[in-house]
Asks: 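My structure is below; once you've seen it, I'll send some questions.
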There are 2 protein chains.
Amino acid sequence: MAQGKIYVSALEVAERAGVSRSAVSRTFTPGASVSPETRSKVIAAAEALGYHVNQLARGLMRNESGIVCLIVSDMATPYRSSLVKALTQHLQNAGKIAMLINTDRSDGSVDLALRQAIRYRADASIILSGLPDKSIADLCLKSGQRLVLINRNDDQDGTLKINLDDREAAGRVVTAFVRAGCSRLAFANSDAKTPSLMAREEGFVDAARAHGLDVIVERHGGTTYESGKVLAQKLMTRDVRPDAVFCATDLLACGFLDAARHQFSLSVPEELCVAGFDDIQQASWSSYNLTTFAQPVEAIAQEAVSWLGDEMDADLRRSRSSRRLHADLVWRGSIRAG
Amino acid sequence: MAQGKIYVSALEVAERAGVSRSAVSRTFTPGASVSPETRSKVIAAAEALGYHVNQLARGLMRNESGIVCLIVSDMATPYRSSLVKALTQHLQNAGKIAMLINTDRSDGSVDLALRQAIRYRADASIILSGLPDKSIADLCLKSGQRLVLINRNDDQDGTLKINLDDREAAGRVVTAFVRAGCSRLAFANSDAKTPSLMAREEGFVDAARAHGLDVIVERHGGTTYESGKVLAQKLMTRDVRPDAVFCATDLLACGFLDAARHQFSLSVPEELCVAGFDDIQQASWSSYNLTTFAQPVEAIAQEAVSWLGDEMDADLRRSRSSRRLHADLVWRGSIRAG
DNA sequence: GAGAACCTTGCACACGCTTGCAAGGCGGGC
DNA sequence: GCCCGCCTTGCAAGCGTGTGCAAGGTTCTC
């Protein structure tokens, strides 16, 4: 009784329905050949007994578990959690299921996560943070597992890389700042030096230079609210205060705005223009009202999941292995109108 | 090549190591009897071939998949995502793995989710939102699956119910409001009528009554930032404005605060005291600086996961089937000091 | 009405693993 | 020297499913 009675198997259903076990199997296999009457007998019996196909066994046979691993750190962060949500939802719609692995801990934890994915014979892994060791990634691919990298630009063959047009987006912010009459530009970054963060930084600096403007770059900590505050301290205590700052992330921007307003009593956007990136929920809250770039979360999820569903041979897989999506600028109140 | 070579099996490892398949199996089974030399031969071979135990097959045999289903809606919400994160982490530490199921869609979706859990022979399901149909919950239990309900007070036997002391917490807010000299109390709630939300509301109303005070209760929409704003509209346009309002949730409180400050130009806590519940990240942001109750997220996760790990017979399971945790009051600046 | 084409169904094998069982090897106690 | 017990190891049965194959049944065509 401690080990409650086990699950009911297809055999029991077959016996009750007076058919063979294969008939049961076929009833629950889309596209298999079963007569309507057999099917209904089976379904009735299954219903009565509370039968549910054992996906473990099915996965074993089909060599396709239906599991997709989501490998992620900082998952309680607004942007990450919305991405995880979208991915989970899209996977469900596609008949797959999400397995969640947290990699906040040590550094080899992405590798550990991929090992776990292999053990569960996941059909694919989607990596939202960190980068896997080449050898383990190769093992995944060789085993027939698909790999999606979001916002990491590793050049691993056979994976789908989804990125945004970070550089171009950064350029558009410069334009907006210039139109607003700003000239003392700054970039507030975390020092995580993630590919996408660096792309924004470099894009910003380059575009500013094209306008003949220099940029003060400051980096600190992780991409958190607190880091945003610290960055504000650093930038706003300089001899010459910037009048426009692009924060690499909305979370940074929120911290930055709070510090700028409450500690330095600056009014935004009159004395200071600020832009962020991600368009997290909080960016639209009236205390922040932040002009920012929207992560196309739905499009990312859509793209990733549909790629997983695609039938494809090795060539096609390689040819479509990189997607670059567009980040829309969402105008709110933290930049003066041009 | 389209269907990349399959995974390497224990048999191949056995052949390479010159031992039997059982030896390989035992090497990767903690506590099994293998001599050190055999073990090291096996490990070497496994390493060389890139072998990883197939958890699907292992789960099939052991009747224990290692999978735990997290059934959740609104997972991009700050509180929910932090709970999901904590649970995922604790499960990993316990050697289990989290399967994530989103139930934002239709209403029977919790049942669908549990069906999915059954199909994957999950060892347990943790339900963070919604309530399962009795029959399907019974099926889970009968199949030997464990069920944890967080903040839902269904009275299903054999499940672990984790709740907070919502009523008592609400009472403590009343005390704080009274100490601050407030007398026109209001409660801002969503109209979701979730057990925990209603417990807070009733606890607040009752405690106020014990102090001889009436409470204006307003309910609207989901537990979102936007609902908080609407609730502020409703409460602040009354003939007699409340001077203290307890929001059922931090998200409501943030919306409420923003509307109160920016639309009604009220200063908090001078003219209006506000309290929330959950202690989400944003509550500590300086724009809000919200006095609130901390969801003991870690303790909840700890409690749930350790219960899952417990060996227990039916009696013990029933006797420990309900846990009530304490929510600490986190003092910040949205209530005047007494 | 006969033969072909098609649909349905059961059999049996395969998937990769765990584990009870028995046999073998080894050392220790008398 | 013998017997007992322990540790290790291989064998083989089984977990619950999918699916190729062949046999049987039905329908269609001419």
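First the proteins, then the strands, lettered A, B, ... as listed; each starts at 1.
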Asks: Where the side chain of A:Leu60 is concerned, which of D:dT19, C:dG16, C:dT18 is the nearest nucleotide?
Replies: C:dG16
Asks: To the nearest Å, how far apart are B:Arg26 CZ and D:dT9 P?
Replies: 9 Å
Asks: Counting C-beta onward and ignoring hydrogens, is there a side-chain heavy-atom pair between A:Arg323 and A:Leu160 closer than 4.5 Å?
Replies: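 SC-SC contact between A:Arg323 and A:Leu160 confirmed.
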Asks: Among the nucleotides C:dT9, C:dG10, C:dG16, which one has an atom lying closest to any side-chain atom of B:Ser9?
Replies: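 Nearest listed nucleotide: C:dG16.
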Asks: If you check the A:Ser22 side chain, which of D:dG18, D:dT17, C:dA12 turns out closest?
Replies: C:dA12
Asks: Determine, step by step, whether B:Trp307 and B:Val148 satisfy the side chain to side chain contact (heavy atoms under 4.5 Å, CB included) criterion, reporting the C-alpha distance in whole Å, the side-chain angles of both residues, the deciding distance to 0.1 Å, and the verdict.
Replies: CA-CA 9 Å; B:Trp307 184 77; B:Val148 178; 3.8 Å; yes
Asks: Grab the CD-C1' distance between A:Glu37 and C:dT9 for me, whole Å please.
Replies: 12 Å
Asks: Base, sugar-phosphate alone, or nothing: which one does A:Val34 contact when heavy atoms must sit under 4.0 Å apart?
Replies: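 A:Val34: backbone/sugar contact only, no base atoms under 4.0 Å.
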Asks: From CD of A:Glu15 over to P of D:dG16, roughly how many Å is that when rounded to an integer?
Replies: 12 Å
Asks: Check whether the side chain of A:Arg21 and the base of D:dG18 form a donor-acceptor pair under 3.5 Å.
Replies: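 Indeed, a donor on one side and an acceptor on the other fall under 3.5 Å apart.
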Asks: Look at all strands and tell whether B:Tyr51 reaches a base, only sugar-phosphate, or nothing, counting heavy atoms closer than 4.0 Å.
Replies: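 Answer is sugar-phosphate: B:Tyr51 comes under 4.0 Å of backbone atoms only.
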Asks: What's the NZ-C1' distance between B:Lys41 and D:dT8, to the nearest Å?
Replies: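 Value for this atom pair: 12 Å.
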Asks: From the options D:dT8, C:dT18, C:dT8, select the nucleotide whose nearest atom is closest to the side chain of A:Thr38.
Replies: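 Ranking D:dT8, C:dT18, C:dT8 by closest atom to the A:Thr38 side chain puts C:dT8 first.
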Asks: In this structure, how many angstroms lie between the P atom of D:dG16 and the CZ atom of B:Arg119, rounded?
Replies: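 To the nearest whole Å, that distance equals 18 Å.
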Asks: Given side chain to side chain contact (heavy atoms under 4.5 Å, CB included), test A:Asp104 with A:Asp74 step by step and report yes or no.
Replies: CA-CA 6 Å; A:Asp104 279 329; A:Asp74 295 322; 3.7 Å; yes
Asks: More 5' along DNA chain C: B:Gln55 or A:Ala23, using each one's nearest nucleotide?
Replies: A:Ala23
Asks: Taking C-beta and beyond as the side chain, do A:Leu164 and A:Ser196 meet within less than 4.5 Å on heavy atoms?
Replies: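 A side-chain contact under 4.5 Å is absent here.
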Asks: Report the distance from atom CD of B:Glu12 to atom C1' of C:dC15, rounded to the nearest whole Å.
Replies: 13 Å
Asks: How many whole angstroms separate atom CZ of B:Arg121 from atom C1' of C:dC17?
Replies: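 To the nearest whole Å, that distance equals 17 Å.
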Asks: Side chain of B:Val53 only, heavy atoms from C-beta on: which candidate in C:dT18, D:dT17, D:dT19 is closest?
Replies: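 For B:Val53, the side-chain atoms sit closest to C:dT18.
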Asks: I'd like to check B:Leu87 versus B:Ile150 (side-chain heavy atoms, cut-off strictly below 4.5 Å). Are they in contact?
Replies: yes
Asks: Taking the side chain of B:Ser33 as its heavy atoms from C-beta onward, which of D:dT9, D:dG10, C:dC15 lies nearest to it?
Replies: D:dT9
Asks: Check the phosphate of D:dT8 against B:Ser35, side-chain N and O only, distance under 4.0 Å to OP1 or OP2. Yes or no?
Replies: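 False: B:Ser35 side-chain N/O out of range (4.0 Å or more) of D:dT8 OP1/OP2.
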Asks: Are side-chain heavy atoms of B:Val84 and A:Val84 found at a separation under 4.5 Å?
Replies: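 The answer is no; the side chains never approach within 4.5 Å.
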Asks: Looking at D:dG16, D:dT8, C:dT18, which one has an atom nearest to any side-chain atom of A:Met61?
Replies: D:dG16
Asks: If you check the B:Asn54 side chain, which of D:dG10, D:dG16, C:dC17 turns out closest?
Replies: C:dC17
Asks: Measure CG/A:Leu56 against P/C:dT18 and give the value in whole Å, please.
Replies: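 Taking atom P of C:dT18 as the reference, CG of A:Leu56 is at 13 Å.
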